[in-house]
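Below you'll find the structure, written out as structure tokens, and then a few comments.
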2 protein chains.
Amino acid sequence: MHISPDVLVEALRSQGLRITTTRRAVCAVIASRHGQHLTAATIVDDLRSDEVKIDQSTVYRTLDALEEAGLLVHSHLGHGPAVYHLPSEAAHQHVVCSECGATATVPTDSLSGWIGAVRDTTGFEIDPTHFAVTGLCRTCAAKR
Amino acid sequence: MHISPDVLVEALRSQGLRITTTRRAVCAVIASRHGQHLTAATIVDDLRSDEVKIDQSTVYRTLDALEEAGLLVHSHLGHGPAVYHLPSEAAHQHVVCSECGATATVPTDSLSGWIGAVRDTTGFEIDPTHFAVTGLCRTCAAKR
DNA sequence: TTGTTTGCAAATTCTTTGCAACGCG
DNA sequence: CGCGTTGCAAAGAATTTGCAAACAA
């Protein structure tokens, strides 16, 4: 249930990218908060409160680099910022309450039948993890 | 396969809202382009080229009013602006190609099994139409 | 008249980009 | 040293908001 920042750093290196202090720092945050819904802003705040000086554009660029290296994926939970996580945790579909913002996840494989049907009828190869679906959580649905 | 602008206008009236020239104009565009993927910007452009002077903020506010009246729904096709359509056409799920932006739709009822499973396991009542799912269209998938 | 709407401009939110200075390899 | 990276500031895209003037009821 833990990942070492080094894995991320090494992957950057193997892509021919330079290992800088800021990239190390971003990798450290991702590793330490592994499993959480990380946003670019969260990372910036985390680092700044750790007295690391970093610009948000650098964070976005580092996140992009990690994503191109296949070490990170992001998804969009309704409105608001994109969330990043390790691909190993990505085999789930995000479900967000449009009323209160609560989130839940369901295993993506429960959608495999539907994905196959879409492929057959439209030719689209669906990646259900990139965007969340919205709905109402139990509490908000009850209020209606 | 046609809707009269009057239906929309009357619905606004029955909500206690005032019928103004601009609201009529927005309703007219929605009615005339019924079936298409309408964005706020499209409506503004349409009206302006029809020599109707209207501000985008007014369009957004009118769209909100129509949506609250239950006459319109919007969904998010990946990045980019929200698209609006009549609820009668809403019983479909949007599928967008993350590479080229091509869209397809699939009937929502093909997802009903999954929606039921999500309700049972998480308590969430999913509205699959509000956000599109992304993937690769046949052409872009073939390029990989 | 009076409370609702409108237009305009400015603010917001999230993300990207141009560019000169910086620092890894 | 040279080119990839960074910080900064500004640009962008989509949408929202504050406010005084305009207008429907």
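Every chain is numbered from 1, with letters handed out A, B, ... down the list of sequences.
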Using a 4.5 Å side-chain heavy-atom cut-off and chaining through intermediate ILVMFWY residues, the residues clustered with Phe131(B) come out as Phe131(A)
Residues at least two apart in sequence or cross-chain that pass salt bridge (Lys or Arg N to Asp or Glu O under 4.0 Å) with Arg119(A), listed by chain then number, are Glu125(A)
Is there side-chain contact between Gln93(A) and Val133(A), with heavy atoms separated by less than 4.5 Å? yes
Residues of residues 5-28 of chain A with a heavy atom under 4.0 Å from any atom of DNA chain C, listed by number, are Arg18(A), Ile19(A)
For residues Leu136(B) and Trp114(A): do they belong to one hydrophobic cluster (side chain heavy atoms under 4.5 Å, members Ile, Leu, Val, Met, Phe, Trp, Tyr)? no
For Asp127(A), the salt bridge (Lys or Arg N to Asp or Glu O under 4.0 Å) test, sequence neighbours excluded, returns none
In short, side chain to side chain donor-acceptor pair (under 3.5 Å) pairs touching residues 19-31 of chain B with sequence neighbours left out are Thr20(B)-Thr22(B)
So ring-ring contact (aromatic ring centres under 6.0 Å, His included) across residues 56-75 of chain A, not counting sequence neighbours, yields His74(A)-His76(A), His74(A)-Tyr84(A), His74(A)-His130(A)
With sequence neighbours left out, the residues meeting salt bridge (Lys or Arg N to Asp or Glu O under 4.0 Å) with Glu68(A) are none
| query | Asp50(B) versus Asp46(B): any side-chain heavy-atom pair under 4.5 Å? | reply | no
Checking Val52(B), Ile54(B), Leu47(B), Val59(B) against Val29(B) for side-chain contact (heavy atoms from CB on, under 4.5 Å), the one that qualifies is Leu47(B)
| message | Hydrophobic clusters here meaning ILVMFWY residues chained together by side-chain heavy-atom distances under 4.5 Å, can you tell me if Leu8(A) and Leu12(A) are in one? | response | yes
Scan Ala82(B) against the nucleic acid and name what it touches under 4.0 Å (heavy atoms): base, sugar-phosphate only, or nothing. sugar-phosphate
Taken in chain and number order and not counting sequence neighbours, the residues that satisfy salt bridge (Lys or Arg N to Asp or Glu O under 4.0 Å) with Arg13(B) are Glu10(B)
Sequence neighbours excluded, the answer for side chain to side chain contact (heavy atoms under 4.5 Å, CB included) partners of Thr39(A) is Ala41(A), Thr42(A), Pro81(A), Val83(A)
Residues of residues 48-60 of chain B with a heavy atom under 4.0 Å from any atom of DNA chain D, listed by number, are Gln56(B), Ser57(B), Tyr60(B)
As a check of understanding: the bend across the helix from dT1(C)-dA25(D) to dG25(C)-dC1(D), end axes from five pairs, rounded to 10 degrees, works out to 20°
note: Arg61(A), atom CZ; dG7(D), atom C1'; distance rounded to Å ~ 8 Å
Min and max contacting nt of DNA chain C in 5' to 3' order, chain B heavy atoms within under 4.0 angstrom, are dG3(C) to dC8(C)
In whole angstroms, the gap separating P of dT5(D) from CD of Glu68(A) amounts to 11 Å
